[in-house]
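Step one of this worksheet: look at the structure below.
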Amino acid sequence: MGLSKELVLPISKPSRGASGKTGTWRVFKPVIDLQKCVKCWQCWLLCPEETILADDVPTVDYDYCKGCGVCAKICPAKAITMVEERE
Amino acid sequence: MKEKGMWELINANEAAAHAVRLARVKVIPIYPITPQTMIVEVIEEFIAKGLMTAEYIRVESEHSAMAAAIGASSAGVRTFTATASQGLLYMHEVLHWAAGSRLPIGMAVVNRAVGPPWNIHADHQDAISQRDTGWMEFFVSSSQEALDSILIMYRVAENNRVLLPFMVCMDAFILSHTHMPVNIPDQDDVDYFLPEYRPPHWSLDPDNPVDMGNLTMPEEEYMEMRWSIERGMKNAREVFKEAADKFYEIFGRRYEMVHCYKVDDAEHIIIASGTLASEAEVAVDSMRKDGRKVGLLKIGLFRPFPQEETRTILSKARTLTVIDRSYSFGYGGPLAMEIRSALYNLDERPKLVSYVAGLGGRDVTYKDIEKMVLHSEKEEGKNMITYWYGLKERVRSSGFEEVI
């Protein structure tokens, strides 16, 4: 049963950044001090936007991080500081 | 030909439940409200007795009922619920979501007045207030029509040119609790008319995940999706005719978007819907005995509105009496507004006089309808007044021009 061109559906495939680069919404950005980081990965686990990437060390994907601060709050080593965006 | 089906003496609530059973609906999230509760009970009984197999979900509100229906229909199965009055109003937000998601959910609405003050009787305000949600609305006048039109509307709703939800609207108590003979179709015939629903457009599938209703920016396709709903509505008129023809072929009962009664030579046509329209048939017969050429146009399908059909039939008449059982505050009778708008492009338009009657279940007899017809004969039809018919003396004696 073929569907006609007049059917426009509110359906999207899950993909990275389906709503655009949400990093522009950020007011404070998380900065990780790798000297203090103990690699417990709590920030990676709890980031609601999955913008902490699990490389050798945790890295923030600033294209999509909205700056909510959950990672800084949870970090047991106090390795993450929220720094105000200037530009 | 051997007569098909089986006759039973039932009311419209029971008839709706039979339609749900025959349509082999798979999921029914439902919340009781007077006067629809019997639909809930009878479906439950069918399931308990093993007469139908369905997931029956006891939800905590009408808002949840519709939300669960959206979930079930998104999973790709035929889904049904029923409600009335405040219950339908409580669903309002989710009704938009169902239509926007293009889910062919079926719903019986037992038309009941909205509060305050509390009133459980027949009134179309609940369904008319959902006019712009993207739901198709079909008004019925008998238990048989309630059963048949649920089957027809599923076929329309699930068509890949439509893919929109529908409500079948039936008057509280006058239909929902009044017993009349109903032919219950054979399951084989219904299976042939209404095959299993297989979503042609989208459904939830763990192996092929999709997002439904994700955030859309102004420059993205929001407006295109709204347009697409209107295309579905436009197509529904044509698809309704096809479905009704097929239904007639199998079951021998004829359904139309607008039902005409003695309009061919009519100089004066009454326009109404629901049971008020069946009462108007009595008025037509009675007035024809007095030599008046009166006819009736019963609006079945209110959304999509059958503009062309209405225009063609009404253009031949001289006077129109439109009787609404709901009201749009600040303007007038909703049906009258639709009819006026449908006639606007005609070079010569019949005179139209608008009435509101029977709110909150106040009785409207054929005698009342005759009085409205006679009143509109005398009325010039130049003003845009909607006349309030049948108000109590203490209001009538105040002398306001719209009160008759």
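By convention in this document, chain letters (A, B, ...) are assigned in the order of the sequence lines, proteins followed by strands, and residues within each chain are numbered from 1. Worth knowing before you read on, the calculation uses all heavy atoms, side chains too, and leaves out hydrogens, waters and symmetry mates.
With Met225(B) as the partner, the side-chain contact (heavy atoms from CB on, under 4.5 Å) test is satisfied by one option alone out of Val8(A), Ile11(A), Leu9(A): Val8(A). Checked against Glu6(A) for a salt bridge (charged side-chain N to carboxylate O under 4.0 Å, His left out), the options Arg161(B), Arg231(B), Arg102(B) give a single hit: Arg231(B). Tested against Lys13(A), the residues Asn214(B), Asn208(B), Asp211(B) include a single side chain to side chain donor-acceptor pair (under 3.5 Å) partner, Asn208(B).
Around atom CD of Glu84(A), more than 12 heavy atoms belonging to other residues, nucleotides or ligands sit under 6.0 Å away. Within a 6.0 Å radius of CD in Glu55(B), other residues, nucleotides and ligands contribute 12 heavy atoms or fewer. At most 12 non-hydrogen atoms from other residues, nucleotides or ligands lie less than 6.0 angstrom from CD of Glu50(A). Within a 6.0 Å sphere centred on CG of Asp56(A), heavy atoms belonging to other residues, nucleotides or ligands number 12 at most. Other residues, nucleotides and ligands contribute only 12 or fewer heavy atoms inside 6.0 Å of the OH atom of Tyr222(B).
Looking at every heavy atom in both residues, Gly100(B) comes nearest to Pro10(A) through O-CG, 3.3 Å.
Of the inter-residue distances, the one linking Ser12(A) atom OG with Glu220(B) atom CD reads 9.5 Å to the nearest 0.5 angstrom.
Proximity of Leu7(A) to Leu163(B): side-chain heavy atoms (C-beta onward) are separated by under 4.5 Å at one or more points.
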